[in-house]
Amino acid sequence: MLDKVKDLHDEIDQYNISSPEQLEQFRMRFISRKGVITELFEQLKRVPQADRRAVGQELNGLKNLAQERFDRFSQVVDEQRSSASSTPPVDLTLPTIPNLTGTQHPLSLVRQRIIQIFERIGFNVADGPEIESDWYNFGALNFPDNHPARDMQDTFFVEKATSGETSSDMLLRTHTSNVQIRLMERQKPPIRSIMPGRVYRNETISARAHCMFHQVEGIYIDRNVGFKDLKDTLYHFVKEMFEPGTQIRFRPSYFPFTEPSAEIDISCQICGGKGCNICKHSGWVEIAGSGMVDPQVIANCGIDPEEYTGFAFGMGIERITQLKYVVNDLRLYTENDVRFLRQFEGL
Ligand code: PHE
């Protein structure tokens with residue numbers, strides 16, 4: 001028995017542990033209830049009475065040695081484990097994960113630019129409802145009852161939610177001129193405002209048409225406002241917005257709410273006026289409608305047309321953006337394709 005104890009003593013002394021698996025083997029062999037030391041304690045009963053005490057002491061010594069080694073080895077294995085997890089390999093030369101930020105939508109960029117140009121010459125920004133009554137969208141603007149723009153083809157009429165009936169009085173505004181009427185009703189001249197916003201027309205969606213687009217309209221009402229002021233203002237806008245050397249022309253036109261009326265063309269930004277698909281080979285593209293506000297419209301809003309005159313204009317933000325950034329398909333604006341949107345990064 002004492003020989004056995006001595007052998008095990010030597011074995012433990014020589015033991016060396018460098019992994020959790022080895023530690024477990026050690027525990028099974030020497031510490032656990034099924035290990036060799038427990039077995040020797042079992043056998044102690046059969047040792048003759050006279051020797052039992054001495055053998056028991058030896059056995060206890062062996063047990064303590066095994067426990068002491070086990071504690072030390074456990075500590076070593078724990079330290080190895082924690083130092084491995086707290087210092088993961090770091091490669092400081094690796095590139096960082098790119099932080100993707102969004103970009104401004106081209107229509108927002110152009111809207112902001114338009115607003116900036118007009119604000120600098122004394123216009124402020126006005127807003128109004130997109131769901132509008134017939135009066136503010138058409139009636140007050142002198143559209144006769146049978147005007148084709150009121151037709152179902154062009155205008156989205158709004159259904160009454162309760163009955164599902166089509167109410168002929170409410171509609172999605174077809175232009176932001178409704179804000180001009182609301183302004184003139186509320187405010188005494190001088191009025192000098194622009195009104196950016198979303199407008200709706202019942203068109204089939206294609207590269208050249210959309211049922212929703214954006215306008216910026218403007219109005220200036222005061223004493224002695226003349227056609228010259230309209231021309232000066234829009235010349236200034238074109239000069240600020242487009243390439244140097246851009247030509248501008250006023251072409252007589254008709255709108256129910258202005259008299260006289262003019263459409264404004266600029267030399268094509270894409271071909272420089274030589275002729276291309278965008279300008280339909282004419283060298284000119286239309287950018288805005290304009291005119292002197294009809295005295296009847298001024299009177300409709302409770303302002304005396306004998307005392308006050310004014311001009312108004314309206315342009316499509318999509319069109320201006322198309323000319324500035326050569327966007328040839330209107331659908332790109334609403335598809336949220338990042339390959340398109342990224343091209344406006346940093347502008
Ligand atoms: N409201 C017109 C449109 O949407 C544009 C316009 C505004 C024309 C003001 C003349 C004066 O087409």
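One-based numbering, in listed order, for ligands and for the atoms of each.
- Remark: aromatic rings of Tyr308 and Tyr220 are distant, center separation not under 6.0 Å.
- Between Phe250 and Phe227, the closest side-chain pair of non-hydrogen atoms falls below 4.5 Å.
- Ligand 1 lies less than 4.0 angstrom from a heavy atom belonging to Arg201.
- Checked against a 3.5 angstrom limit, the closest N/O atoms of His175 and ligand 1 fall inside it.
- With respect to atom 5 (C) of ligand 1, the closest heavy atom belonging to the protein is Glu217 OE2, 3.6 Å.
- Geometric assessment of Arg201 against the ring of Phe213 yields a negative cation-pi assignment under the 6.0 Å and 45° thresholds.
- Within ligand 1, counting atoms from 1 as listed, the ones closer than 4.0 Å to a heavy atom of Gly314 are 6 (C), 7 (C), 9 (C).
- Contact annotation: the side chain of Val297 approaches that of Ile181 to within less than 4.5 Å [non-hydrogen atoms, C-beta and beyond].
- Contacts between Ser261 and ligand 1, counted as non-hydrogen atom pairs separated by less than 4.0 Å, are absent for every part of the residue.
- Remark: ligand 1 atoms within the under-4.0 Å shell around heavy atoms of Ser177 are 1 (N).
- Checked against the 6.0 Å centroid threshold, Phe70 and Phe30 do not count as a close aromatic pair.
- Nearest to atom 4 (O) of ligand 1 among the protein's heavy atoms is Gln215 NE2, 2.8 Å.
- Counting heavy atoms of neighbouring residues, nucleotides and ligands inside a 6.0 Å radius, atom CG of Asn224 does not exceed 12 of them.
- Asp127 CG: 12 or fewer foreign heavy atoms inside a 6.0 Å radius.
- Not a single heavy atom of Met315 sits under 4.0 Å from any atom of ligand 1.
- Near Phe313, meaning under 4.0 Å from one of its heavy atoms, ligand 1 places the atoms 7 (C), 9 (C), 11 (C).
- In this structure, Phe257 counts as a contact residue of ligand 1, since one of its heavy atoms falls inside 4.0 Å of the ligand.
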